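Here is the structure we will look at.
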Number of protein chains: 2
Amino acid sequence: MARRRLAVTIKHVAADAGVSLQTVSRVINNEPNVRPEMRERVQASIDRLGYVPSIAAQRMSGSKSYLILALNDRERTIADWRARQGTDWVDQMLLGGMLECAEHGYRLIFELVDTHEDHLERELGAALAALQPDGAILTPPHSDNQEILRILTRHHVPYARIGALGDEDGGSPAGVRVSMDDEGGARLATRHLIDLGHRRIGFISGPAEYRLAGWRVDGWRAEMAAAGLDGHAWLEAGDFSYASGARAARALLARAAPPSAIIASNDQMALATIEAARAAGLDIPRDLSVVSFDNTPLVRFTTPPLTAVDQPIAETTATAVRLLIEAQREGATPPPAALLPMTLVTRSSTAPPPAA
Amino acid sequence: MARRRLAVTIKHVAADAGVSLQTVSRVINNEPNVRPEMRERVQASIDRLGYVPSIAAQRMSGSKSYLILALNDRERTIADWRARQGTDWVDQMLLGGMLECAEHGYRLIFELVDTHEDHLERELGAALAALQPDGAILTPPHSDNQEILRILTRHHVPYARIGALGDEDGGSPAGVRVSMDDEGGARLATRHLIDLGHRRIGFISGPAEYRLAGWRVDGWRAEMAAAGLDGHAWLEAGDFSYASGARAARALLARAAPPSAIIASNDQMALATIEAARAAGLDIPRDLSVVSFDNTPLVRFTTPPLTAVDQPIAETTATAVRLLIEAQREGATPPPAALLPMTLVTRSSTAPPPAA
DNA sequence: ATCAAATAGGTGAACGTTCACAACAAACGC
DNA sequence: GCGTTTGTTGTGAACGTTCACCTATTTGAT
């Protein structure tokens with residue numbers, strides 16, 4: 001692995017602008033006593049060269065680190081988090097990744113990046129130059145952002161892409177992919193219902209622009225087909241919102257041959273479904289079984305608590321961290337992709353169908 | 001503000017062990033070609049002096065940074081977070097602090113610390129030495145951990161304590177305190193119910209070992225007293241768990257003179273309360289009004305959605321960050337403490353009492 | 001015994017930035 | 001005009017660590 005010596009330093013800027021290092025430093029730190037024209041000239045060089053001061057070096061010579069630590073009780077935070085058992089993106093991602101990092105002596109830094117226009121290049125570049133991380137983890141929708149991938153590559157930062165689409169990059173060695181098995185999760189839910197005896201299983205899909213929404217439909221359809229059931233009739237489109245879920249559920253229940261079970265592509269739509277069922281005078285799970293996707297804390301406190309497909313979000317970042325760290329070891333060649341299985345959490349919203 | 005030159009460096013270790021810098025470096029990095037006895041001697045010095053390598057310096061000379069960046073779509077994360085509008089500790093704290101940091105060119109690092117025994121001194125010390133942050137934010141239960149405060153002080157890291165108990169430290173200049181007005185929140189909820197015409201307002205408290213549980217009771221009691229109502233009769237003790245909430249709610253409803261409204265000290269107990277009321281054949285809000293505390297996402301999707309007191313958790317870290325940064329500015333003397341008001345989010349679980 | 005290799009340790013430079021101080025010019029008071 | 005301040009720029013050292021290279025010692029094969 002070649003040493004990276006590409007960073008543009010204060011020295012380059014000084015040479016470019018024809019001034020001393022100190023003058024550049026003064027401009028950077030907005031110190032007084034620099035002639036405006038000089039300041040302008042230096043700033044121009046900085047902008048043109050895309051120079052960003054290195055936090056490490058700044059820290060070395062006694063300046064600020066521009067870092068603030070948020071200290072949290074490890075045990076308690078973990079306990080809380082486990083207790084919740086649910087799927088809150090930020091929480092789960094952050095903590096899953098952090099714990100894995102801690103085990104290897106690494107540290108995870110959560111960074112919000114703004115993809116707006118020119119911001120991206122500057123901000124992300126600044127973050128990379130300042131922190132000089134050993135790796136980066138991309139979450140949707142960044143995972144497929146070519147611009148970001150380009151910048152990371154240019155800075156020689158290896159990355160892991162979570163929930164990335166596919167192999168468009170013909171096996172670029174820098175990138176690892178980690179995904180959750182949405183299709184498998186949907187199959188799990190469907191099979192559970194089939195095993196209970198259901199034949200007419202409805203599905204409320206997510207918005208088409210989310211790939212995972214499609215995969216979930218695919219899983220349901222595949223499992224229905226495998227059981228010789230109709231994987232087309234009881235499909236209604238939603239968009240992950242409560243309102244769309246309510247609409248879809250009402251439409252399904254109003255059918256001439258209504259489903260005896262409904263799988264909703266996310267929790268909010270599942271909540272809407274049980275509410276719609278209740279409004280229609282149906283008892284859950286006696287008259288209608290409902291399975292949810294995501295397993296956020298929400299669905300544990302509904303009446304009845306929902307059977308749900310759980311996403312391994314925490315494992316997602318944990319795996320990404322592990323793969324990144326392994327890849328650092330000379331000679332090691334970790335797998336270029338990992339697919340994490342989903343699990344089904346059975347609660348009381350599913351039962352055998354009325355007729356059975 | 002005096003320059004800090006207290007850190008123990010590789011040089012001190014080398015002198016102490018009577019070897020060269022390079023040998024110490026070799027030991028640190030577990031490189032081969034060091035005699036076991038030598039390695040042991042150096043390690044002893046390292047341990048005794050409490051030496052921790054500086055990430056900044058390591059990074060300078062081309063080694064790893066041991067940092068991994070988790071990149072997240074800023075806009076989307078913020079949108080998600082706002083949409084949720086709820087109170088998930090980690091999420092809210094992290095994002096509130098991060099956005100404030102970003103505005104000032106700072107960066108927030110979330111760090112789990114293990115308070116177990118000797119770990120604390122070493123781990124926290126390592127984190128501080130490695131990252132050399134400009135400030136630290138403590139959350140409960142760390143906010144009152146004297147050991148942690150001592151270590152921070154020794155490393156000259158100014159800190160902000162969130163939800164800290166009190167002024168035991170006779171105005172130590174290093175510390176800022178940020179708290180949420182639990183009592184005020186409880187008053188808000190109580191006043192809301194009084195304004196609706198309720199006279200018998202029940203209160204389900206949290207566990208005594210949490211100070212905030214006491215403050216919430218105080219607020220209810222104070223407001224009841226101010227309205228000439230009985231602030232003792234309708235109190236039942238809970239412990240923040242669903243089960244304890246159910247028990248307390250049943251007890252309140254079984255009274256000879258049951259309350260027409262109940263305030264639960266947290267969301268889970270509020271959920272238990274509406275479930276208990278429903279089991280008792282009561283309609284909410286027609287027969288019983290319920291107000292919840294915390295306002296987690298849970299209470300927006302119950303039937304009916306709950307009126308709740310919202311905790312300004314995000315503002316808590318944001319304020320801490322702001323105060324820490326302000327304090328850095330030479331000559332500035334920010335207030336030593338901030339008390340953030342809670343707000344009442346009115347939904348459909350509260351209405352005038354039946355008789356009124 | 002002799003020479004090559006391996007092992008154990010040390011030395012000086014480098015990393016990118018800021019600090020303390022020196023140097024010089026311009027502006028000012030008298 | 002002269003000394004003094006004020007504003008502007010440059011110079012060398014320092015921060016804490018690792019890297020490349022060098023020197024001594026030990027080991028092993030011939």
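Not measured: the values here are computed from a predicted model. So that the names make sense, note that chain A is the first sequence line, chain B the second, and so on, each numbered from 1.
- The side-chain heavy atoms of A:Thr316 and A:Thr139, taken from C-beta on, include no pair separated by under 4.5 Å.
- In this structure, A:Leu21 and A:Pro36 both approach DNA chain D, and ranking their closest nucleotides by distance from the 5' end singles out A:Pro36.
- The interatomic distance linking A:Ile28 (CD1) with C:dT17 (C1') rounds to 8 Å, in whole Å.
- Between B:Gln22 atom CD and D:dG16 atom C1' the separation is 13 Å, expressed in whole Å.
- Listed for the B:Thr319 side chain is a donor-acceptor partner under 3.5 Å among the backbone atoms of B:Glu315.
- Taking only side-chain nitrogens and oxygens, B:Ser25 comes nearer than 4.0 Å to OP1 or OP2 of D:dT18.
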(message) Let's go through B:Leu138 and B:Leu149 carefully: what are the C-alpha distance in whole Å and the side-chain angles of both, what is the deciding distance for side chain to side chain contact (heavy atoms under 4.5 Å, CB included) to 0.1 Å, and is it a yes or a no?
(response) CA-CA 9 Å; B:Leu138 303 180; B:Leu149 297 182; 3.3 Å; yes

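- Comparing C:dT11, D:dG10, C:dA8 against the side chain of B:Arg35 picks out C:dA8 as the nearest.
- A:Pro53 comes within 4.0 angstrom of sugar-phosphate atoms only, judged by non-hydrogen atoms across all strands, and of no base.
- With a 6.0 Å radius and a threshold of 12 heavy atoms from other residues, nucleotides or ligands, B:Glu40 has its CD atom at or below the threshold.
- In this structure, of C:dT18, D:dT9, C:dT17, it is D:dT9 that holds the atom nearest to the side chain of A:Met38.
- Residue A:Ile55 contributes atom CD1, which lies 17 Å from atom C1' of D:dG16 at whole-angstrom precision.
- Distance, B:Ile10 CD1 to D:dC15 P: 14 Å, rounded to whole Å.
- One finds no side-chain N or O of B:Thr23 lying less than 4.0 angstrom from the OP1 or OP2 phosphate oxygen of C:dA8.
- One finds a side-chain N or O of A:Ser20 lying less than 4.0 angstrom from the OP1 or OP2 phosphate oxygen of D:dG10.
- For C:dA8, neither phosphate oxygen OP1 nor OP2 lies less than 4.0 angstrom from any side-chain nitrogen or oxygen of B:Arg26.
- Taking atom CD of residue A:Glu31 and atom P of nucleotide C:dA20, one finds them 11 Å apart after rounding to whole Å.
- With C:dT17, C:dT18, C:dG10 as the candidates, the nucleotide lying closest to the side chain of A:Thr9 is C:dT17.
- Taking atom OH on B:Tyr51 and atom C1' on D:dT17, their separation rounds to 7 Å, with Å as the unit.
- Out of C:dT18, D:dG16, C:dG10, the shortest distance to the side chain of B:Met60 is found at D:dG16.
- Looking at the side chain of A:Lys11, the nearest of the listed nucleotides C:dC15, D:dC19, D:dT17 is C:dC15.
- Between B:Gln58 and D:dT18 there is a side-chain polar atom (N or O) within less than 4.0 angstrom of OP1 or OP2.
- Rounded to whole Å, atom P of D:dG16 lies 17 Å from atom CG of B:Asn29.
- For the OP1/OP2 pair of C:dT7 and a distance below 4.0 Å, the side-chain nitrogens and oxygens of B:Asn33 include no atom meeting the criterion.
- Electrostatic pairing of A:Arg322 and A:Glu103 does not count as a salt bridge here, judged by no charged N lying under 4.0 Å from a carboxylate O.
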